[in-house]
Amino acid sequence: MEGGGWAIGVHGGAGVDPKLPQQRQEEAQKLITRCLHLGVSALRSSLPAIDVVELVVRELETDPLFNSGRGSALTEKGTVEMEASIMDGPKRRCGAVSGVTTVKNPISLARLVMDKSPHSYLAFAGAEDFARQQGVQLVDNTFFITEENVGMLKLAKEAKTITFDYRVPMDTCSVGAGAGNTTLQMNGLPISLYSQETVGCVVVDAQGRCAAATSTGGLMNKMSGRIGDSPLIGSGTYACQLCAISCTGEGEAIIRATMARDVAAVMEYKGLSLQDAVDYVIKERLDEGKAGLIAVSKDGEVAYGFNTTGMFRGFATEDGFMEVGIWD
């Protein structure tokens with residue numbers, strides 16, 4: 001999808017379960033559409049790309065529909081540990097946080113790590129200490145926990161597996177069938193349903209500046225302390241002078257592939273177009289992993305790719321193009 005001028009892409013996760021009720025599909029599309037309009041308005045007001053990606057991901061974190069901020073997946077201990085990263089393309093400045101438990105908007109804490117600290121990545125107690133020093137809004141961990149996720153954690157524990165899709169009503173999901181009945185694996189271990197719901201945003205502004213941001217609660221029933229791809233610069237998030245990328249899906253596979261950076265690398269070293277680079281990485285770098293990504297280029301192009309059943313995504317460009325979709 002070729003463009004020119006500014007462009008924005010938003011995602012709400014890859015690996016959508018085909019059994020997802022129509023009402024949930026419509027709710028997801030409405031949220032992505034709302035976020036696109038929010039980003040478009042900011043871009044028309046000449047807000048820099050880095051500000052726009054933070055603004056949009058904050059909106060996604062605030063709504064409990066996707067797996068970030070309020071509505072995040074629960075650890076095996078029944079708590080929420082969130083992670084996020086943000087990257088500004090022109091000078092490749094970045095900030096990331098992991099193991100955040102009380103920060104209402106992790107993406108804004110990641111931005112503060114980038115802007116207000118000498119570091120690029122803070123985690124767990126150190127990230128929480130920094131949040132208090134910066135005066136960001138803090139809430140009790142229970143704020144992020146929804147009744148639906150409590151129920152899904154119970155089912156995941158009963159099945160003794162990591163669970164990915166907790167938007168599908170419990171009476172239609174197959175978690176209770178147990179991990180041994182599925183062929184899908186993560187790092188060689190069986191898991192049940194696959195539906196990551198990490199959120200992300202990529203933007204190029206009218207000046208050609210690219211930026212990316214990604215935020216997630218991780219996996220349902222994950223081990224406490226697990227860190228996925230979302231806060232890892234070059235894996236889940238990357239932005240440079242050429243492009244910006246935000247990934248979603250099987251974090252362990254995305255980490256192994258350094259997936260976001262690889263898109264920029266094949267553009268830079270192989271001379272591929274944005275969409276060709278995305279297609280190459282999805283096909284050649286994931287091995288048996290399942291994932292997706294959204295991307296924009298400095299020239300206002302937008303692109304996406306996934307090898308899962310679906311991916312919540314939406315795009316808008318300065319020339320009037322707007323698209324919101326789930327399936328291939």
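The figures that follow rest on heavy atoms only: side chains count, while hydrogens, waters and symmetry mates do not. The residues of the chain are indexed from 1 along the displayed sequence.
Between the side chain of Arg313 and the backbone N or O of Ile326 there is at least one donor-acceptor pair closer than 3.5 Å. Judged by distance alone, with hydrogens and angles left aside, the side-chain atoms of Ser72 form a donor-acceptor pair with the main-chain N or O of Gly69 at under 3.5 Å. The backbone N or O of Gln29 sits less than 3.5 Å from a side-chain atom of Thr33, completing a donor-acceptor pair. In terms of modelled atom types and a separation under 3.5 Å, the side chain of Asp140 and the main chain of Thr142 share a donor-acceptor contact. Remark: the backbone N or O of Gly228 is paired with a side-chain donor or acceptor of Glu83 at under 3.5 angstrom. Distance alone, capped at 3.5 Å, is enough to place a donor-acceptor pair between the Gln25 side chain and the Leu20 backbone. Of the possible donor and acceptor atoms, none in the side chain of Lys104 sits under 3.5 Å from a partner among the backbone N and O of Phe144.
Put simply, the side chain of Met223 does not reach to within 4.5 Å of the side chain of Thr75, judged on heavy atoms. No side-chain heavy atom of Asp262 sits less than 4.5 Å from a side-chain heavy atom of Tyr238. Using a 4.5 Å heavy-atom threshold, the side chains of His11 and Tyr304 count as separate. When side chains are defined from C-beta on, Arg111 counts as touching Ile50, because their heavy atoms get closer than 4.5 Å. The shortest distance between side-chain heavy atoms of Leu153 and Lys157 falls below 4.5 Å. Within the 4.5 Å cutoff, no side-chain heavy atoms of Cys210 are placed close to those of Val203.
Of the N and O atoms on the side chains of Asp279 and Gln275, at least one donor lies less than 3.5 Å from an acceptor on the other residue. Checked by atom type, the side-chain pair Asp319/Thr317 shows a donor-acceptor distance below 3.5 Å. At a cut-off of 3.5 Å, with distance as the only test, no side-chain donor of Ser215 or Ser68 sits close to an acceptor on the other residue. Side chains of Ser224 and Glu76: a donor-acceptor N/O pair is absent below 3.5 angstrom, by distance only. Judged by distance alone, the side chains of Thr214 and Thr237 do bring a donor and an acceptor atom under 3.5 Å apart.
No path of Ile, Leu, Val, Met, Phe, Trp and Tyr side chains, each step under 4.5 Å between heavy atoms, connects Leu286 with Val16, placing them in separate hydrophobic clusters. Transitive grouping of hydrophobic side chains (ILVMFWY, heavy atoms separated by less than 4.5 Å) keeps Ile227 and Ile86 in distinct clusters. When the side chains of ILVMFWY residues are joined at heavy-atom separations under 4.5 Å, either directly or via intervening members, Leu112 and Phe124 end up in two distinct hydrophobic clusters.
Closest approach of Val103 to Met82, counting heavy atoms only: O-CE, 3.6 Å.
Within the model, atoms CG of Asn105 and CZ of Arg58 stand 4.0 Å from one another, a figure rounded to the nearest 0.5 Å.
Under the 4.0 Å criterion applied to side-chain N and carboxylate O atoms, Lys154 and Glu148 are not assigned as salt-bridge partners. The pair Glu288-Arg256 does not meet the salt-bridge criterion, since no charged nitrogen lies less than 4.0 angstrom from a carboxylate oxygen. With respect to Arg209 and Asp88, no salt bridge is recorded, no charged nitrogen being found less than 4.0 Å from a carboxylate O.
In this pair, Phe66 and Phe312 present their aromatic rings tilted. The plane angle is within the 30 to 60° band.
More than 12 heavy atoms of other residues, nucleotides or ligands shown are found within 6.0 angstrom of CZ on Arg261. By the 6.0 Å contact criterion, CZ on Arg92 is open, its count of non-hydrogen atoms from other residues, nucleotides or ligands being 12 or less. The environment of Gln23 atom CD is sparse: at most 12 non-hydrogen atoms of other residues, nucleotides or ligands sit within 6.0 angstrom. Counting non-hydrogen atoms of other residues, nucleotides and ligands closer than 6.0 Å to CD of Gln241 gives a total of 12 or fewer.
Screening Val53, Val56, Val302 for a side-chain contact (heavy atoms from CB on, under 4.5 Å) involving Ile8 leaves a single residue, Val56.
Remark: Arg70 qualifies as a cation-pi partner of Phe143 under the 6.0 Å distance and 45° angle criteria applied to the six-membered ring.
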